[in-house]
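Naming convention: chains lettered A, B, ... in sequence-line order (proteins, then strands); numbering from 1 in each chain. As the structure is a prediction and not an experimental result, all values here were calculated from the model.
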There are 2 protein chains.
Amino acid sequence: MQAQRQRKVEVTTAELSRRLLGASLRPSMQRLAVLGDLCHHYDHPTVDTIYSRLHPQMPTLSKTTVYNTLRILCEAGLVRSLNIEYANQRFDGHLEPHDHFICTGCGQVYDLPHNRAGRLPDFGDMGLHVEREEISYYGLCRECQEKR
Amino acid sequence: MQAQRQRKVEVTTAELSRRLLGASLRPSMQRLAVLGDLCHHYDHPTVDTIYSRLHPQMPTLSKTTVYNTLRILCEAGLVRSLNIEYANQRFDGHLEPHDHFICTGCGQVYDLPHNRAGRLPDFGDMGLHVEREEISYYGLCRECQEKR
DNA sequence: TTGCATCTTGTAATTATTACAACTTTAAAA
DNA sequence: TTTTAAAGTTGTAATAATTACAAGATGCAA
């Protein structure tokens, strides 16, 4: 959530490790690092951003590992991937239900409180089984509004 | 909308031309072809799909032109671009408000009736100016449910 | 018709992503 | 303990998506 960006919630390594084990994933250094990065930032980073942040501390880290790890974490439900316009794939380590605002000026992504009734809609009559919902708003952030 | 996929709404070249002119865009063959393709199909095609469908009839058409044209049409609001997981960028020429269901098994995109109160929410207190909303549901279509 | 702006084309460059094979680490069995 | 097998990581190479750019074509307006 927006507010948490300030709060700086620290997630301990023990907690990250517990989450990985809970998903039957071995808590390797690389996985702890990637999951930790996503839990400690609220900027919905790209693969490249994550790699660039971790690489200085872990010079042997491979970008392929970041790709692999993100795929595995997504499949395990520990991370969600975000598909937004004007950018390549991004990731979010914060799993509480929330929506996103994407600034079409600068590309920045903001978290929003989840704006929706509790349950997912039912499209069973169309043969569709809904598992997940993604709501995104597009517009201009304050800075970009002022620029125009 | 789902139902229209059967109805096969035919949009005349005159109407496509009118739309382009209305957006101050010269109604070239290429633009008419790309916009027409999007208006006559309900499959949310990729750049490559559009190019492959048009190329046999217009052998000189360049893929760069398809990219350029789609960008221009999106900027003009005549087409919307769609960002869904498990796939590269897709496009939709049907502008009536509607949502999407994306099958995580086969990647097919289905149109859904717009499931939302009339107005866009207001995030003015956060400094955000919302212009557009995108709601996507993820899950399995009938065929993919049966396969599992 | 001439000239200019717009549009289209094709190639080349860039960027994102995936494939794959070799190497390393871990955990559990012998 | 060693051994072994599975899981995980790495780097390179390949592929795919997208953008940059310069040259050529088209259409409109003077």
Phosphate oxygens OP1/OP2 of C:dG10: is one of them under 4.0 Å from a side-chain N or O of B:T64? no
Electrostatic pair A:E15:A:R19 at N-O distance under 4.0 angstrom: yes
Taking NZ, NE, NH1 and NH2 as the nitrogens, is one of them in A:D48 or A:R53 under 4.0 Å from a carboxylate oxygen of the other? no
Nucleotides 4-8 of chain D: which of its N/O atoms have a protein N/O under 3.5 Å away?
unit_1	atom_1	unit_2	atom_2	d
D:dG8	OP1	A:R31	NH1	2.7
D:dG8	OP1	A:R31	NH2	3.4
D:dG8	O5'	A:R31	NH2	3.2

Which nucleotide in the list C:dA16, D:dT9, D:dT19 gets nearest to the side chain of B:Y67? D:dT19
Regarding the side chain of B:L61, the nearest nucleotide among D:dT10, D:dT18, C:dT9 is C:dT9
What verdict does the side chain to side chain donor-acceptor pair (under 3.5 Å) test give for A:S52 and A:T49, after you've listed the backbone C-alpha separation in whole Å, the side-chain angles of each residue and the deciding distance to 0.1 Å? CA-CA 5 Å; A:S52 304; A:T49 300; over 6 Å; no
Take atom [atom1] of [X] and atom [atom2] of [N], then tell me their distance rounded to the nearest Å.
X	N	atom1	atom2	value
B:E75	C:dC7	CD	P	12 Å
B:N68	D:dC21	CG	P	13 Å
B:L20	C:dT6	CG	C1'	14 Å
A:M29	C:dT24	CE	P	18 Å
A:R71	C:dT18	CZ	P	8 Å
A:I50	C:dT17	CD1	C1'	14 Å
B:H55	C:dT8	NE2	C1'	13 Å
B:K63	D:dT18	NZ	C1'	10 Å

Are the side chains of A:I72 and A:L25 in contact, using a 4.5 Å heavy-atom criterion? yes
May I ask you to check whether B:F123 and A:Y137 place their ring centres under 6.0 Å from each other? yes
Look only at the side chain of A:H94 and the backbone of A:D92, and say whether a donor-acceptor pair between them is shorter than 3.5 Å. no
Quick one: does A:T69's side chain have a donor or acceptor within less than 3.5 Å of a partner on A:T65's backbone? yes
